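One structure is given here, and the rest of the page talks about it.
A quick note: this is a predicted structure, and the numbers were derived from the prediction, not measured.
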Amino acid sequence: MAEVMTDKQMQFIAWLITTATDKCQTIDEVREMNKEIRRHSTGFKEESEEPQKDQ
C-alpha cells in the first residue's frame with residue numbers, strides 16, 4: 001500500500017528544499033542540488049532517461 005504524507009511532512013520537505021536552494025548562488029548550484037535529491041529519492045528516473053527540454 002502506498003504511503004501517504006501528512007501536511008506537516010509536506011510542509012517540512014518544502015521548507016527543507018527552499019531553505020537549501022536559498023543558499024545557492026547560481027541556477028547551476030540549484031540544478032546540482034536537485035540532481036542529488038533525485039539520486040537519493042525512490043521513484044525518480046535518472047536524468048539521462050528524461051527527455052531533454054529546450055532552454
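Contacts classified as salt bridge (charged side-chain N to carboxylate O under 4.0 Å, His left out) and involving residues 12-29 (residues at least two apart or in different chains) are given here: D28-R31. Judged as a ring-ring contact (aromatic ring centres under 6.0 Å, His included), not a single pair has a partner in residues 22-42 (not counting sequence neighbours). Identified under the ring-ring contact (aromatic ring centres under 6.0 Å, His included) test for residues 6-34, with sequence neighbours left out: F12-W15.
Looking at residues two or more places apart in sequence or on another chain, you find no side chain to side chain donor-acceptor pair (under 3.5 Å) involving T18. By the side chain to side chain donor-acceptor pair (under 3.5 Å) test, Q11 pairs with no residue at all, sequence neighbours left out. Contacts of I13 classified as side chain to side chain contact (heavy atoms under 4.5 Å, CB included), with partners at least two apart in sequence or in another chain: M5, I17. Taking the side chain to side chain donor-acceptor pair (under 3.5 Å) definition, one finds that T6 meets it with Q9, sequence neighbours left out.
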